[in-house]
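Here is the structure we will look at.
When a ligand or atom number is given, it counts from 1 through the structure's own listing order.
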Amino acid sequence: MPRPDLRGRVAARHAELEAIGRLRRLRTIEPQAGMLRARDGRTLVAFCDNDYLGLSHHPKVVEAARRALEGGTFGGRSAHLIDGHHPRHAELEDAFADWQDRPRALLFGSGYLANLGVVQGLLARGDLCVQDKLNHACLLDGARLSGATLRRYPHADVGAAARQLDGAPDAAAMLVTDGVFSMDGDLAPLPELAALARDEHALLYVDDAHGGGVLGPQGRGSAAALGLAASDTPLQLFTLGKAFGSYGGVVVGEADLIDALLQQARSYLFTIALPPACAAAAVAALEIIRGGEGDALRVRLDAHIQQFRRGLAERGLPDSGSATAIQPLLLGADARAIAVANALEARGFLVVAIRPPTVPEGAARLRITLSAQHSASQIDALLDALAEAWRAHPEPSRVD
Ligand SMILES: *Cc1c(COP(=O)(O)O)cnc(C)c1O
């Protein structure tokens with residue numbers, strides 16, 4: 001048989017995606033003041049990014065990055081264990097460990113790299129990795145990289161997770177969940193999962209990419225918001241690219257586990273350290289998040305979430321039940337999600353339609369995200385535009 005031709009396969013896949021309307025298109029967007037974005041010569045109000053507190057453009061965060069450049073070096077130059085571990089990196093790790101009241105923290109190049117590293121670094125072939133079906137893609141990729149057996153339980157179904165752990169009582173096991181689910185905005189049942197992990201002698205790992213900075217006292221995240229003790233969460237991830245307005249990923253937890261990652265996580269060992277300016281910006285962001293200004297930003301964000309959900313109810317629009325800054329509007333078919341997103345764009349709002357494979361088949365949606373930096377009038381205007389687009393693009397009637 002002739003060897004399959006990769007270019008031919010690429011062309012066929014492209015044609016297939018085009019035929020089903022799933023080609024993704026890259027568009028350049030220029031950030032402007034606050035939540036404004038310029039795209040194709042138009043100014044839009046963004047309701048789709050992860051800058052929940054507006055810290056990506058906070059003067060103190062930007063100034064910290066600028067100050068870090070005064071030494072005259074930008075790049076990370078080498079891996080942490082060669083000569084890349086910079087004082088700004090060490091300060092960041094100490095600040096995160098202190099904020100979370102945990103012994104140690106380890107900085108990775110991104111949240112994605114951190115998740116690959118945690119799961120691969122601690123698990124091996126023959127071990128068991130039990131994960132929520134709606135976990136972020138990089139957690140699944142980490143399990144693949146580790147060679148461990150991956151079992152995925154239906155979303156938030158603690159009983160199903162228990163059965164999966166029970167099914168392999170002799171395997172070393174990690175129980176892995178998002179703290180806040182990235183496409184749905186709901187919180188994981190962390191108290192129940194922590195109790196299960198304890199009973200089953202499994203290690204609980206919480207990816208709090210969307211809870212860190214935003215939820216709980218001092219913005220300490222989902223686990224703190226749900227009242228979990230430090231001993232319940234031996235390892236947690238906080239990403240620096242969302243509420244922290246920077247870039248990178250920090251794993252916080254027990255000293256021995258953190259050291260094991262430093263020794264064994266391939267995505268830690270074999271990559272260049274983050275530019276120190278990113279770490280300096282994140283340290284400045286953490287100072288804001290821990291302090292009174294962070295409290296004020298979280299109060300503002302919460303008020304926006306309440307306003308948005310009240311506005312949905314007043315306009316007869318469905319409320320997903322999410323109490324976080326991530327407010328999905330489920331639309332079902334891809335075409336409907338795209339039509340509603342386009343209608344919003346015509347009204348001056350940037351809300352990107354999220355389609356499979358990012359979300360399950362038939363669960364295309366708008367992933368509307370709120371920020372402390374929106375104004376009340378921007379949110380009201382979005383709600384009015386949503387109500388109009390929702391009516392203009394009704395769910396197609398079924399023909400079965
Ligand atoms: C965004 C995200 C990541 C990846 O973090 P990056 O820093 O963007 O690589 C990991 N987990 C979850 C749940 C996320 O939403």
Side-chain angles (χ1 to χ4, degrees), residues 48-53 55-56 61 76 89 92-93 96 105-121 129 131-145 152 155-156 174-190 193 204-215 221-223 225 233 235-253 261 265-268 271-275 277-279 281-282 285-286 289 322 324-328 352 354 357-360 365 367-371:
C48 57
D49 65 32
N50 305 287
D51 195 9
Y52 303 122
L53 302 177
L55 297 187
S56 76
V61 174
H89 298 143
L92 172 93
E93 290 175 345
F96 268 73
L106 192 68
L107 171 65
F108 284 77
S110 71
Y112 196 117
L113 291 172
N115 277 343
L116 289 184
V118 168
V119 184
Q120 169 272 321
C129 187
Q131 300 207 19
D132 190 293
K133 264 207 165 130
L134 295 188
N135 275 356
H136 195 268
C138 55
L139 290 166
L140 306 173
D141 294 350
R144 286 195 193 110
L145 192 60
R152 299 167 73 196
H155 181 48
M174 191 187 281
L175 178 58
V176 183
T177 184
D178 286 13
V180 174
F181 286 87
S182 55
M183 294 297 139
D184 293 80
D186 57 329
L187 270 87
L190 290 180
L193 290 172
L204 178 63
Y205 175 46
V206 179
D207 170 352
D208 213 13
H210 298 279
V214 176
L215 299 179
S222 314
T233 51
L235 279 180
Q236 289 192 80
L237 168 70
F238 298 99
T239 62
L240 303 182
K242 286 161 183 157
F244 288 84
S246 181
Y247 189 67
V250 184
V251 180
V252 180
L261 299 179
R266 298 173 64 82
S267 62
Y268 182 78
T271 192
I272 297 286
L274 197 65
C278 294
L286 180 56
I289 280 169
S322 163
T324 68
I326 301 168
Q327 292 287 321
V352 177
I354 308 282
T358 307
V359 292
R365 69 194 63 188
R367 177 180 180 269
I368 297 163
T369 52
L370 300 169
S371 168

Self-check item: Counterpart residues, side-chain contact (heavy atoms from CB on, under 4.5 Å), relative to Leu140 (two or more places apart)
Solution: Gln131, Leu150, Arg152
Quiz item: Which word best sums up how the rings of His155 and Phe181 line up, parallel for under 30°, tilted for 30 to 60°, or perpendicular for over 60°?
Solution: perpendicular
Number the atoms of ligand 1 from 1 as they appear, then name those within less than 4.0 Å of a heavy atom of [X], with their elements.
X	answer
Tyr112	4 (C), 5 (O), 6 (P), 9 (O)
Asn115	10 (C), 11 (N)
His210	14 (C), 15 (O)
Asp178	13 (C)
Ser182	15 (O)
Cys138	10 (C)
Ala209	2 (C), 11 (N), 12 (C), 13 (C), 14 (C), 15 (O)

Quiz item: Does the side chain of Ser56 come under 3.5 Å of the side chain of Asp51 through a donor N or O and an acceptor N or O?
Solution: yes
Exercise. Ignoring hydrogens and angles, state whether a donor on the side chain of Tyr52 or His210 is under 3.5 Å from an acceptor on the partner side chain.
Key: yes
Quiz item: Looking at side-chain heavy atoms only, is the closest gap between Leu235 and Val252 below 4.5 Å?
Solution: no
Practice problem: Only heavy atoms count here, so choose which of Leu134, Asp207, Thr177, Leu240 is nearest to atom 13 (C) of ligand 1. | Solution: Asp207
Self-check item: Any N or O of Lys242 closer than 3.5 Å to N or O of ligand 1
Solution: yes
Quiz prompt | From Asp178, Val180, Asp184, residue fulfilling side-chain contact (heavy atoms from CB on, under 4.5 Å) relative to Ser182 | solution = Asp178
Quiz prompt | Closest protein heavy atom (residue, atom, distance) for atom 6 (P) of ligand 1 | solution = Gly111 N, 3.4 Å
Quiz item: What pairs with Asp49 under salt bridge (charged side-chain N to carboxylate O under 4.0 Å, His left out), at least two apart in sequence or on another chain?
Solution: Arg37
